[in-house]
Amino acid sequence: MIDALPTLPADDILGQALAWKKDGRKVAIATVISTWGSAPRPAGSQLAIDETGQMIGSVSGGCVEGAVIQEALEVIGSGTPKTLEFGVSNDEAWEVGLACGGKINVFVEKLD
């Protein structure tokens with residue numbers, strides 16, 4: 001019988017967001033709510049962003065992450081949550097040398 005492999009501790013994204021909030025910072029949480037095709041992070045992945053742009057976690061990586069951070073800063077300012085959609089079709093992916101396309105939807109909300 002093989003023993004279960006130890007799991008590495010995950011970043012405590014929500015714990016850090018709450019600590020920032022307790023320090024008086026304004027914070028937003030971005031959560032991957034759905035994916036289709038090729039997506040670097042599964043549904044449920046989270047990113048916390050404070051009002052200065054400091055972050056912990058990940059919803060995708062690359063240019064999508066930057067766009068999510070920008071949107072999160074707007075959500076912090078307005079207090080209005082939003083759902084973001086990022087994607088590339090299979091045809092577009094093939095044109096730039098990727099095997100397949102994908103799509104992710106990310107929900108961004110202010111932590112109150």
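Sequence positions, counted from 1, serve as the residue numbers for this chain.
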Least distance between heavy atoms, S45 atom then S58 atom: CB-O, 3.6 Å

Is the NZ atom of K26 crowded by more than 12 outside heavy atoms at less than 6.0 Å? no

In short, salt bridge (Lys or Arg N to Asp or Glu O under 4.0 Å) pairs touching residues 64-74 with sequence neighbours left out are E71-K82, E74-K82

Would you list the pairs meeting salt bridge (Lys or Arg N to Asp or Glu O under 4.0 Å) in which at least one residue belongs to residues 44-63, sequence neighbours left out? R25-D50

Quick check against the 3.5 Å criterion: does T31 have a side-chain atom that pairs as donor or acceptor with the backbone of I33? no

Specify the closest pair of heavy atoms between A48 and A17, including all atoms of both residues, with the distance to one decimal. CB-CB, 3.9 Å

When hydrophobic residues are tied together by side-chain contacts of less than 4.5 Å, even through go-betweens, does I56 share a cluster with V32? no

What do you reckon, is CD of Q54 surrounded by more than 12 foreign heavy atoms closer than 6.0 Å? yes

With side chains defined as the heavy atoms from C-beta onward, is the minimum distance between V68 and F86 less than 4.5 Å? yes

When you look at N105 and S34, which way does the side-chain hydrogen bond (donor to acceptor under 3.5 Å, both in side chains) test go after all the steps? CA-CA 5 Å; N105 289 318; S34 67; 2.8 Å; yes

Using side-chain contact (heavy atoms from CB on, under 4.5 Å), reason through Q46 and V59 one step at a time and then give a plain yes or no. CA-CA 6 Å; Q46 292 187 308; V59 293; 5.6 Å; no

For K110, give me all partners under salt bridge (Lys or Arg N to Asp or Glu O under 4.0 Å), at least two apart in sequence or on another chain. none

Find the distance between CD1 (I29) and CG (L47) and round it off to the nearest 0.5 Å. 8.0 Å

Does V75 belong to the same Ile/Leu/Val/Met/Phe/Trp/Tyr cluster as W20, with side-chain heavy atoms less than 4.5 Å apart forming each link? no

Which is it for R41 and I104 under the side-chain contact (heavy atoms from CB on, under 4.5 Å) test, yes or no, and what are the steps along the way? CA-CA 9 Å; R41 299 273 183 212; I104 65 169; over 6 Å; no

Taking it one step at a time, do I49 and V27 satisfy side-chain contact (heavy atoms from CB on, under 4.5 Å)? CA-CA 6 Å; I49 306 97; V27 180; over 6 Å; no

Under 4.5 Å between side-chain heavy atoms, counting indirect links through other Ile/Leu/Val/Met/Phe/Trp/Tyr residues: same cluster for L111 and I13 or not? yes

